[in-house]
Novice: 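Can you read through this structure? Questions will come right after.
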Amino acid sequence: MPERKVLWSEENHLTFFEKQNSGEVVDPGRFVAVASLPVNSLNPRSIVLTSNGADALVLSSVAATAWEGHLVRTPSVRVVERWNLATRTRVWSRTLPAMPNVQDGASSTENDDLLTLGPRGLFATRCMPMREPSLTNCHVVALDERTGALGAAEAWSFTDFPFSWWNHGSREVSPGRRYTLVDAYRYWQQFPHFIVFDDVGHIVGRVRASCARFAEGGSEERPTILVDEQSNLDQNADISKRFRLIKDPSACQLEKHLAEARQSQRTDDKERLTSQFNWVGGGRRIVWSSLTQRFLTWDKLPRSSSMDVDRVGLPAPLPEPPGVADKQVNFAGSGSDLYAYTNEKMFHLEETGFVFDGPKTAPGVVLSRGNEALLATYAGLDDSKYVLSLGKRKPGQPGFTWQKTSAVSTFSPDFVSFEHAGRPQMLIAGGKAGLQWVDTRTGQVFLRSCSPGVASSRPCNDRNAKDEYRGLVVSSARQTAFTMHLKDPSIRYNHSFEEIELSTGNVRRSFPAPDWDLTSPLALAMGWLEKDRRFWIVGHDFRAGRAGASVTIVTLPETDGAEPQYTSFATQSQPAHFGADPEGRFFAFARDVDTIDVFAPSGSLVLTLGVRADGAFAQAGDGRFACTGKTCDEFRCVVGDVARPATDPACAAFRVEGFSIAEEVSRAQRVREAGKVSL
């Protein structure tokens with residue numbers, strides 16, 4: 001569809017943009033977002049629109065996890081779904097059958113995918129390059145466009161040339177919807193080439209060119225393809241029998257903005273706007289911040305925003321810390337606390353704004369829970385990367401008072417506090433530094449556990465250690481805590497959750513754990529959904545590829561000897577941009593351009609929040625939205641098949657004053673319990 005574009009990205013999910021008509025009052029010719037589908041658990045591979053542009057058909061890759069006494073990684077499957085853009089709901093979903101006879105001699109375990117929607121119906125084509133020269137095995141399945149029912153399937157081989165369109169640049173459909181042009185990845189061929197498919201998903205040839213696109217003119221059976229002026233038409237003799245190939249300087253016009261973007265990234269004299277998040281979750285409110293890079297330098301003062309969890313409203317900017325003019329300011333924090341710090345001072349965010357908390361230099365991580373906190377200051381001078389300080393909040397005084405400890409950490413640490421025999425203590429999970437028990441009165445480490453159940457007063461040997469501990473959640477009785485035990489990060493399927501006795505360090509129970517991709521700098525944060533029954537842990541599932549963070553919910557067994565239950569959902573955000581409500585009501589993941597998505601514990605996307613230079617916005621899954629200032633210029637509501645500006649009277653039914661995060665999450669839970677389609 002020439003007037004509708006599709007964007008898939010880790011930050012923006014599956015977003016559709018529509019070009020405004022000249023009659024619109026806002027920016028004629030500009031593309032604006034009309035729908036963003038909550039398909040965070042899928043990895044789209046091919047997307048087409050119906051002839052009227054109202055629905056999208058998406059072919060996705062899905063990698064599932066099964067539990068059969070231990071975690072089983074099943075091969076990825078392909079799923080085709082139809083989504084309505086106006087309602088943002090799934091019309092149908094169909095899993096495609098496995099490709100036949102493709103593993104023997106395959107050069108890759110991953111196949112390429114293409115959806116074709118033409119006069120003769122809907123077809124899903126999957127191809128896999130083989131080890132033999134110039135051989136590609138393909139499988140085409142017919143589907144009913146209205147219901148998704150599977151039809152005839154055909155297996156065939158293409159022997160003219162090997163190909164892959166992995167990391168392709170674009171896909172276009174001819175005006176008569178008879179052919180599909182796929183911008184192929186430069187794989188075996190030294191010169192870029194485009195693959196042409198007919199309307200039943202069969203390859204009919206390739207076009208050798210730096211860029212190529214369909215153009216108006218020519219017959220439906222023999223449409224015109226414009227190629228760049230540097231292309232050699234003699235190399236395209238075979239395809240010229242079926243298509244009219246014309247050299248044209250406008251062939252690359254559609255890629256002009258991409259060239260400008262690449263040029264901007266290569267030069268130091270142009271401004272590059274890049275947001276980077278330090279996301280902080282809160283009990284009463286959520287807070288997030290971002291920095292912008294200009295001329296290869298970062299803003300000295302990050303932008304930061306806050307929103308009350310229970311109150312109806314929109315994100316609002318936070319005040320600036322006092323006395324930080326011309327200073328480089330960074331943010332850190334967790335829970336309901338936010339810290340702003342320079343190389344001289346550290347400020348704590350209270351209800352009324354930032355207050356001076358204490359001198360600090362280069363803190364790496366600040367974790368706070370109630371009246372206690374843990375400050376990890378980056379050192380990097382020996383086997384430990386962080387030195388740790390304990391924080392105590394005194395009644396009637398702002399911020400925390402800090403006490404240095406003898407505890408260290410090789411990773412972003414986690415902690416739980418408890419009392420044993422009248423002695424206030426803190427248990428710290430510090431990566432290869434092991435589990436460390438600290439006397440909070442003196443700040444001294446008096447016990448360590450470098451391997452499960454083995455107590456020691458000596459530091460762990462970081463160089464030879466094969467055991468790491470990350471993340472902690474404490475039981476209601478504060479007698480035990482659960483932690484993630486990484487036995488040997490180099491071996492997959494070798495991790496476990498362990499229940500540790502706080503008083504002795506003994507292991508009470510041990511369960512197999514998900515196989516996280518530990519090449520990413522993960523803290524593997526943990527928290528309770530239901531005290532003593534269900535906890536969550538966030539990581540990066542290696543199967544998800546670039547999909548980013550994955551939340552796994554662990555339901556503990558009710559009887560001894562039984563195994564826990566695991567359920568997971570993935571997001572399109574990196575783990576560093578993750579936040580969780582301390583009460584387990586919701587999760588939040590940052591996107592680009594000062595935007596965050598709020599997810600219910602079930603994994604459903606319930607609310608998207610964001611701020612811009614002038615105004616803020618929020619949008620729920622059912623189309624309701626709120627916005628202020630010039631931010632409203634970006635918003636559209638969909639009435640029927642028409643996307644309208646936010647100021648259009650037809651949008652009045654969707655426009656509200658603001659949102660309560662807690663209420664939206666509760667609403668999603670009520671819908672789920674009622675058996676309706678989740679948002």
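Keep in mind that the numbers below use all heavy atoms, side chains included, and drop hydrogens, waters and symmetry copies. Because the structure is a prediction, the values reported are computed rather than measured.
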Novice: So, S406 side chain and V445 main chain: donor-acceptor pair closer than 3.5 Å or not?
Specialist: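 Yes.
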Novice: T608: what forms a side chain to side chain contact (heavy atoms under 4.5 Å, CB included) with it, not counting sequence neighbours?
Specialist: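 Once residues adjacent in sequence are excluded, the partners of T608 under the side chain to side chain contact (heavy atoms under 4.5 Å, CB included) criterion are R591, T595, D597, L605, F617.
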Novice: Do R585 and D310 meet the salt-bridge criterion of a basic N to acidic O distance under 4.0 Å?
Specialist: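 Yes, this pair counts.
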Novice: May I ask you to check if R470 and F411 form a cation-pi contact, with NZ or CZ under 6.0 angstrom from the six-membered ring centre and within 45° of the axis?
Specialist: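 Output yes; distance and angle both within limits.
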Novice: Given E583 and K531, is the salt bridge (Lys or Arg N to Asp or Glu O under 4.0 Å) satisfied, shown in steps?
Specialist: CA-CA 9 Å; E583 299 180 19; K531 201 73 170 182; over 6 Å; no
Novice: Parallel, tilted or perpendicular: which fits the ring planes of F354 and F331, with parallel below 30° and perpendicular above 60°?
Specialist: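 Taking F331 first and then F354, their aromatic rings lie parallel (interplane angle under 30°).
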Novice: List the steps and the verdict of side chain to side chain contact (heavy atoms under 4.5 Å, CB included) for W288 and I286.
Specialist: CA-CA 7 Å; W288 71 97; I286 57 175; 4.2 Å; yes
Novice: What are the two closest non-hydrogen atoms of T631 and A616, and how far apart are they?
Specialist: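 What the structure gives for the nearest pair is OG1-N, 3.5 Å.
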Novice: Can you name the nearest heavy-atom pair linking F587 to L529, along with the distance?
Specialist: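 It is CZ-CD2, 4.3 Å.
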Novice: Please walk me through it: do K327 and Y341 pass side chain to side chain contact (heavy atoms under 4.5 Å, CB included)?
Specialist: CA-CA 9 Å; K327 299 287 185 180; Y341 60 89; over 6 Å; no
Novice: Check whether T405 reaches the backbone of L388 with its side chain - one donor and one acceptor, N or O, closer than 3.5 Å.
Specialist: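 Yes.
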Novice: Does the S290 side chain pair with the main chain of D594, one donor and one acceptor, at a distance under 3.5 Å?
Specialist: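 Judged by distance alone, no pair lies under 3.5 Å.
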Novice: Could you tell me whether a side-chain N or O of R369 sits under 3.5 Å from a main-chain N or O of F415, the two making a donor and an acceptor?
Specialist: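 Side chain of R369 to backbone of F415: a pair is present.
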Novice: I'd like to check the side chain to side chain contact (heavy atoms under 4.5 Å, CB included) partners of E419; sequence neighbours left out, ordered by chain and number.
Specialist: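 With sequence neighbours excluded, E419 shows a side chain to side chain contact (heavy atoms under 4.5 Å, CB included) to no residue whatsoever.
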Novice: Less than 4.5 Å apart, side chain to side chain, heavy atoms only: is that true for V473 and V416?
Specialist: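 No, every pair of side-chain atoms sits at 4.5 Å or beyond.
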Novice: Looking at I500, is its backbone amide N or carbonyl O close enough to the side chain of T480 to form a donor-acceptor pair, meaning the two atoms are under 3.5 Å apart?
Specialist: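 Checking the backbone N and O of I500 against the side chain of T480, no donor-acceptor pair under 3.5 Å is found.
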Novice: If you measure from CG on L427 to CD on E501, what distance do you get to the nearest 0.5 Å?
Specialist: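 That separation rounds to 12.5 Å.
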Novice: Within the 4.5 Å heavy-atom criterion, are I596 and F589 side-chain neighbours or not?
Specialist: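 They are not in contact (no side-chain heavy atoms under 4.5 Å apart), so the answer is no.
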Novice: Side chains of M346 and F356: closer than 4.5 Å at any heavy-atom pair?
Specialist: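 No, their side chains stay 4.5 Å or more apart.
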Novice: By salt bridge (Lys or Arg N to Asp or Glu O under 4.0 Å), which residues pair with E372, not counting sequence neighbours?
Specialist: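 Expected list: K392.
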Novice: Without swapping roles, check the side chain of Q328 against the backbone of D299 for a donor-acceptor pair under 3.5 Å.
Specialist: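 Yes, the answer is positive, given that a donor and an acceptor are paired below the 3.5 Å cut-off.
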Novice: Taking all atoms of both residues into account, what is the closest heavy-atom pair of A620 and F659, and its distance?
Specialist: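 Closest approach of A620 to F659, heavy atoms only: CB-CE2, 3.7 Å.
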Novice: Where do H485 and E498 land on the side-chain hydrogen bond (donor to acceptor under 3.5 Å, both in side chains) test, with the steps shown first?
Specialist: CA-CA 7 Å; H485 178 209; E498 292 179 351; 2.8 Å; yes
Novice: My understanding is that only residues two or more places apart in sequence, or in another chain, count here; which of them pass side chain to side chain contact (heavy atoms under 4.5 Å, CB included) with Q403?
Specialist: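 Counting only residues at least two positions away or on another chain, Q403 forms a side chain to side chain contact (heavy atoms under 4.5 Å, CB included) with L390.
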Novice: Which atom pair, heavy atoms only, marks the closest approach of V309 to G283?
Specialist: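 For V309 versus G283, the nearest heavy atoms are CG2-O, 3.8 Å.
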Novice: I'd like to know if the side chain of S306 reaches the main chain of R285, judged simply by a donor and an acceptor atom lying under 3.5 Å from each other, with no hydrogens or angles considered.
Specialist: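 Checked: no pair found.
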Novice: What pairs with A316 under side chain to side chain contact (heavy atoms under 4.5 Å, CB included), at least two apart in sequence or on another chain?
Specialist: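 In terms of side chain to side chain contact (heavy atoms under 4.5 Å, CB included), with neighbours along the sequence ignored, A316 is linked to no residue.
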Novice: When you measure from the side chain of E663 to the backbone N and O of I661, does any donor-acceptor pair fall under 3.5 Å?
Specialist: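 Not at all, since once roles are kept as given, no pair shorter than 3.5 Å links the two residues.
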Novice: Looking at R393 and A373, would you say the former's side chain and the latter's main chain have a donor-acceptor pair under 3.5 Å?
Specialist: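 Looks like no, no N/O pair under 3.5 Å.
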Novice: Less than 4.5 Å apart, side chain to side chain, heavy atoms only: is that true for I428 and L374?
Specialist: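 Answer yes - side chains close enough.
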Novice: Can you measure from CG (L435) to SG (C450) and round to the nearest 0.5 angstrom?
Specialist: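 Atom-to-atom, L435:CG and C450:SG are 9.0 Å apart.
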Novice: So, do V474 and L502 sit near enough that their side-chain heavy atoms are less than 4.5 Å apart?
Specialist: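 V474 vs L502: side chains touch.
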Novice: To the closest 0.5 Å, what do you measure between OG (S417) and CG (L472)?
Specialist: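 Output value for this atom pair is 11.0 Å.
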Novice: Nearest 0.5 angstrom please: R667 CZ to R624 CZ, how far?
Specialist: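 Between R667 CZ and R624 CZ, I get 4.0 Å after rounding to 0.5 Å.
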Novice: Would R311 and R284 count as a side chain to side chain contact (heavy atoms under 4.5 Å, CB included) here? Give the steps.
Specialist: CA-CA 9 Å; R311 299 177 184 174; R284 300 181 309 275; over 6 Å; no
Novice: Donor-acceptor check, side chain of T483 to backbone of Y469, threshold 3.5 angstrom: yes or no?
Specialist: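 Looks like no, no N/O pair under 3.5 Å.
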Novice: Find out whether D357 and F347 are in side-chain contact, i.e. whether some heavy atom of one side chain is under 4.5 Å from a heavy atom of the other.
Specialist: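 Side chain of D357 against side chain of F347, heavy atoms only: no contact under 4.5 Å found.
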Novice: Which residues pass the side-chain hydrogen bond (donor to acceptor under 3.5 Å, both in side chains) test with S666, sequence neighbours left out?
Specialist: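 Per chain and number, S666 pairs via side-chain hydrogen bond (donor to acceptor under 3.5 Å, both in side chains) with no residue.
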Novice: Looking at residues at least two apart in the chain, or sitting in another chain, which of them share a salt bridge (Lys or Arg N to Asp or Glu O under 4.0 Å) with D614?
Specialist: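 Applying salt bridge (Lys or Arg N to Asp or Glu O under 4.0 Å) to D614 gives none.
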Novice: Tell me which pairs pass side chain to side chain donor-acceptor pair (under 3.5 Å) where either residue lies in residues 434-443, with sequence neighbours left out.
Specialist: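 Every side chain to side chain donor-acceptor pair (under 3.5 Å) pair that includes a residue of residues 434-443, provided the two are not neighbours, is R423-D439.
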Novice: Let's go through F586 and F599 carefully: what are the C-alpha distance in whole Å and the side-chain angles of both, what is the deciding distance for ring pair (Phe, Tyr, Trp, His ring centres under 6.0 Å) to 0.1 Å, and is it a yes or a no?
Specialist: CA-CA 6 Å; F586 61 86; F599 291 83; over 10 Å; no
Novice: What heavy-atom pair brings D414 and M526 nearest, and what distance separates the two atoms?
Specialist: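 That would be OD2-N, 4.4 Å.
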Novice: Find out whether T628 and L314 are in side-chain contact, i.e. whether some heavy atom of one side chain is under 4.5 Å from a heavy atom of the other.
Specialist: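 Answer yes - side chains close enough.
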Novice: Would L607 and Q619 count as a side chain to side chain contact (heavy atoms under 4.5 Å, CB included) if you check the C-alpha gap in whole Å, the side-chain angles of each, and the deciding distance to 0.1 Å?
Specialist: CA-CA 6 Å; L607 199 63; Q619 187 172 29; 6.0 Å; no
Novice: I'd like to check the salt bridge (Lys or Arg N to Asp or Glu O under 4.0 Å) partners of K630; sequence neighbours left out, ordered by chain and number.
Specialist: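 Salt bridge (Lys or Arg N to Asp or Glu O under 4.0 Å) list for K630, sorted by chain: empty.
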Novice: Return the CG to CG distance between L291 and N330, rounded to the nearest 0.5 Å.
Specialist: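 Nearest 0.5 Å value for the CG-CG distance: 7.0 Å.
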Novice: Report yes if the side chains of F400 and N371 come closer than 4.5 Å at any heavy-atom pair, otherwise no.
Specialist: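 Side chain of F400 against side chain of N371, heavy atoms only: no contact under 4.5 Å found.
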Novice: Taking only residues two or more places apart in sequence or in another chain, which ones pass side-chain hydrogen bond (donor to acceptor under 3.5 Å, both in side chains) with S476?
Specialist: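 Partners of S476 by the side-chain hydrogen bond (donor to acceptor under 3.5 Å, both in side chains) criterion, ordered by chain and then number, come out as D532.
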Novice: Does a side-chain N-to-carboxylate-O contact under 4.0 Å join R303 and E320?
Specialist: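 No, R303 and E320 are not salt-bridged.
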Novice: Among residues at least two apart in sequence or on other chains, which ones pass ring pair (Phe, Tyr, Trp, His ring centres under 6.0 Å) with F535?
Specialist: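 Ring pair (Phe, Tyr, Trp, His ring centres under 6.0 Å) list for F535, sorted by chain: F482, F497, W528.
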Novice: Which heavy atom of P601 sits nearest to which heavy atom of V665, and what is that distance?
Specialist: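 Minimum heavy-atom separation between P601 and V665: CD-CG1, 4.3 Å.
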Novice: List for me each residue that meets salt bridge (Lys or Arg N to Asp or Glu O under 4.0 Å) alongside E530, sequence neighbours excluded, and say none if there are none.
Specialist: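 So E530 forms a salt bridge (Lys or Arg N to Asp or Glu O under 4.0 Å) with R533, R534.
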